[in-house]
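Below, chains carry the letters A, B, ... as their sequence lines are ordered, and counting in each starts from 1.
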Protein chains: 2
Amino acid sequence: MIPTIKDVAAHAGFSIATVSRAINAPHTVNPVTLDTVRQSIDALNFRPSQLGRQLRGERTRLIGVILPTLANPVFAECLQGIDELAAAQGYRLMLMTTQYDADRERHAIETLREHRVEGLILTVADADTHPLLDELDRAGLLYVLMHNDTVRRPSVSVDNRLAAFDGVRMLIAHGHRRILMLAGTLAASDRARQRHLGYAQAMQQAGLTPAPPLEVDFNADELSPSVLAHLTSGPNRPTALFCSNDLLAMVVMRGLRRARLQIPHDMSILGFDGLAMGELLSPPLASICAPNREIGCAAWQRLLARVTGTYDTSGETSLTLTLPHSLREGATIAAISNSNEKPPAHASVSVERPFV
Amino acid sequence: MIPTIKDVAAHAGFSIATVSRAINAPHTVNPVTLDTVRQSIDALNFRPSQLGRQLRGERTRLIGVILPTLANPVFAECLQGIDELAAAQGYRLMLMTTQYDADRERHAIETLREHRVEGLILTVADADTHPLLDELDRAGLLYVLMHNDTVRRPSVSVDNRLAAFDGVRMLIAHGHRRILMLAGTLAASDRARQRHLGYAQAMQQAGLTPAPPLEVDFNADELSPSVLAHLTSGPNRPTALFCSNDLLAMVVMRGLRRARLQIPHDMSILGFDGLAMGELLSPPLASICAPNREIGCAAWQRLLARVTGTYDTSGETSLTLTLPHSLREGATIAAISNSNEKPPAHASVSVERPFV
DNA sequence: GTGAAAGCGCTAACAT
DNA sequence: ATGTTAGCGCTTTCAC
């Protein structure tokens, strides 16, 4: 059915070796021969099989990409960066998504290993404690993590703690005192932890009391009554919400609007991710921006440096690469006039009794 | 470096055939032998090479996916549908994006052919006139188009003309008379044409004059002065905009807001795609919804039916599959009281002189 | 400049 | 139940 190099050789009246050379090293074959071979290739519509090629040579020029989901544009943006460089450098991408499921993560890694990918770019829930990554090390399969906040493994990310710290400080600078952090129900990720840490540090530095993250069901149409109660009732209701990612921020904003709250008048919102789409919202979403596309590009470059052996192992190049974050001060944040605020009588009391 | 079946055989003290059987048909080998082999596999951390397997057998269980971009969530949503089924059915996906570039489309197809993908799922700009698709037919490579509006080739899509027709009729039902269609600068796609056709038909049916699509630069931060002039100046300015996709609608909405227009009070907006994200906007974006995820799933199923030969060639199953669209009546559409409108003195005049 | 032949990792007859 | 062997499509010595 599909023509092979043999068919071309027969058609052209040369050996398969000559055909192979005509394809891979045209200058080493007689121009006349070359022409004949090329005509046969065209006539048969022949394309050399990468399978044969890969089996023979040691390189597959295949890179595996494992992402939690594409429903969150964060990962689509990263993938764009990867894809751009991969295409330019003649590599192919094999994509698998996991939906944050450990079984699927394991399966994806197995599958990609079987395809002899030369390396892996991936995002997992928790990099430090992930047994599969140890196995990768053991199997000698090179990988680079994206967005995972760890110093123990090769990774490209922003400093999630510092980024959250900066973002929450900005909220505080706008006069907010009662700031709550919201997280998705799948909050057990390393980056979510780091973001909460940054939040807590910013709060404490300002003499405020951090609260544990409030979990919000991402997929529900409305905010749950208990969450709404947290956000809206009582004199100690928060005036600002730090959402652990932009998609969550958008869901929360919709929930608040449906509960007849005005943004930012009744509640300020700060997201995390810096999705391009956030700027198109009304009001434009304030966010702590990660350079997602660049993270993808950097992960690619790091991986390829290691794959091709260009990697500088002198120790000067560290395992992790931290890209700079930035703050997008969107209109979802309002300033609070401090006169409206009644600070707790004693800071110590406030520390012992979080406002939530 | 990477262990092969030979290494396992040597380690276990059996032949490679036995190892192969232990992997692919465990029940045909002695339980004790099986156990020994499995221990060796674990000890060596062996994974069978798909390259060897694929080369031997005729099936690669590889499907190629070619998409214009992942920056538009439409395609990410489709890909999600595909990925879900592919993973469940043990197929692997090779992804390439083209940025609507013909060279990259050609290159992607070549590359995927070389990898002996069993089929292709793709979205191109214009399916009817696409020479590469003829070449696929010629090469005997199975494919299914997504979102391409053609009856000549295997495809899964909504009825873009009818969908646009329904959407614009809804605008008209809300009292709008001067409705403009906006399209991205890369408007030369089959679906964009069909959508404009539906727009034009709805207008004409209502005795209104359709205008040619107004091109908007997708990537610019602001709407161009000339576009803004079209949209805002004069007594004959449009009261509603039909945007050829949701992303464009969002860009346009931002541009209008920056020009101090209120949505929907000063301008109604209708998008096309039904992006999940649109519902999170404020006001929620009215849109003509395509079931993107389902389109991906259906394309997968069609392709696999053909790949595995399950495809019903009795003629009852048509080349194209049209999935139902739906209207999302978001808050970006306001009703116009007809009394505010001054219809053109003579319909015939109006036909000869479009309002733009 | 070209050809013959080995071998990449694996599966599937066929043989024992 | 297990081993031997041919061969999938290709690249690459090594001859000529």
Discussion item. What is the first contacted nucleotide of DNA chain C and what is the last, in 5' to 3' order, if contact means an atom lying under 4.0 angstrom from a heavy atom of chain A?
Written reply: dG1(C) to dG9(C)

Worksheet item: Which part of the nucleic acid does Ser49(B) contact within heavy-atom distance under 4.0 Å: base, sugar-phosphate only, or nothing?
Response: sugar-phosphate

Practice prompt. Please examine the side chains of Tyr143(B) and Arg153(B), heavy atoms only from C-beta on, and report whether any two atoms are closer than 4.5 Å.
Written response: yes

Discussion item. The test is side chain to side chain contact (heavy atoms under 4.5 Å, CB included); show your working for Leu122(B) and Leu67(B) and say whether it passes.
Written reply: CA-CA 6 Å; Leu122(B) 72 173; Leu67(B) 262 22; over 6 Å; no

Worksheet item: Quick one: do the Asp190(A) and Thr150(A) side chains pair a donor with an acceptor below 3.5 Å?
Response: no

Pair up each side-chain donor or acceptor in residues 50-57 of chain A with any protein partner under 3.5 Å, not counting sequence neighbours, and list the distances.
unit_1   : atom_1 : unit_2    : atom_2 : d
Gln50(A) : NE2    : Glu114(B) : OE1    : 2.8
Arg53(A) : NH1    : Asn24(A)  : OD1    : 2.8
Gln54(A) : NE2    : Thr60(A)  : O      : 3.2

Item to complete: Enumerate the residue pairs fulfilling salt bridge (charged side-chain N to carboxylate O under 4.0 Å, His left out) with a member in residues 1-22 of chain B, sequence neighbours excluded, ordered by first and then second residue.
Response: none

Fill in: Close side-chain approach of Ser40(B) to Val19(B), heavy-atom, < 4.5 Å
no

Worksheet entry | By side-chain contact (heavy atoms from CB on, under 4.5 Å) - contacts of His130(B) (at least two apart) | Glu105(B), Val124(B), Leu132(B), Leu133(B)

Response to the item:
By side-chain contact (heavy atoms from CB on, under 4.5 Å), Leu34(B) pairs with (sequence neighbours left out) Ala22(B), Pro26(B), Val29(B), Arg38(B)

Discussion item. With heavy-atom distances below 4.5 Å as the criterion, would you say the side chains of Arg92(A) and Ile63(A) are in contact?
Written reply: no

Worksheet item: Please walk me through it: do Leu62(A) and Arg116(A) pass side chain to side chain contact (heavy atoms under 4.5 Å, CB included)?
Response: CA-CA 7 Å; Leu62(A) 223 50; Arg116(A) 300 296 183 257; over 6 Å; no

Donor-acceptor pairs are to be reported for all side-chain atoms of residues 81-90 of chain B against protein atoms at under 3.5 Å, with residues two or more places apart or in another chain.
unit_1   : atom_1 : unit_2    : atom_2 : d
Asp83(B) : OD2    : Thr97(A)  : OG1    : 2.3
Glu84(B) : OE2    : Arg104(A) : NH1    : 2.8
Gln89(B) : OE1    : Trp300(B) : NE1    : 3.4

Worksheet item: Is there a donor-acceptor contact under 3.5 Å linking the side chains of Arg191(B) and His147(B)?
Response: no

Worksheet item: Relative to the 5' end of DNA chain D, which residue comes earlier, Pro48(A) or Ser15(B), by the nucleotide with the nearest heavy atom?
Response: Ser15(B)

Item to complete: Please list residues of residues 31-45 of chain A whose heavy atoms come under 4.0 Å from any atom in DNA chain C, ordered by number; otherwise none.
Response: Thr33(A)

Worksheet item: Which nucleotide span of DNA chain D, 5' end to 3' end, has atoms closer than 4.0 Å to non-hydrogen atoms of chain B?
Response: dA1(D) to dG9(D)

Practice prompt. Would you mind reporting whether His115(B) and Thr111(B) have side-chain heavy atoms less than 4.5 Å apart?
Written response: yes

Item to complete: Scan residues 22-29 of chain A against DNA chain C and write down, sorted by residue number, each residue with any heavy atom closer than 4.0 Å; if none is found, say none.
Response: Thr28(A), Val29(A)

Response to the item:
Value for CG (Leu303(B)) from OH (Tyr91(B)), rounded to nearest 0.5 Å, stands at 8.5 Å

Item to complete: Taking only heavy atoms on the protein side, list every residue of residues 1-14 of chain B lying under 4.0 Å from any atom of DNA chain C, sorted numerically.
Response: Thr4(B), Ile5(B), Lys6(B)

Response to the item:
Residue pairs passing the ring pair (Phe, Tyr, Trp, His ring centres under 6.0 Å) test with at least one member in residues 39-60 of chain A, sequence neighbours excluded, are none

Practice prompt. Can you pull out how bent the helix from dG1(C)-dC16(D) to dT16(C)-dA1(D) is, comparing the axes over its first five and last five pairs, to 10°?
Written response: 40°

Worksheet item: Does Asn30(B) reach the main-chain N or O of Val32(B) with its side chain, forming a donor-acceptor pair under 3.5 Å?
Response: yes

Discussion item. Go through it in stages, so that I can follow the logic: the residues are Arg193(A) and Asp149(A), the test is salt bridge (Lys or Arg N to Asp or Glu O under 4.0 Å), and I'd like the CA-CA distance, side-chain angles, deciding distance and then a yes or no.
Written reply: CA-CA 9 Å; Arg193(A) 269 203 313 277; Asp149(A) 206 318; over 6 Å; no

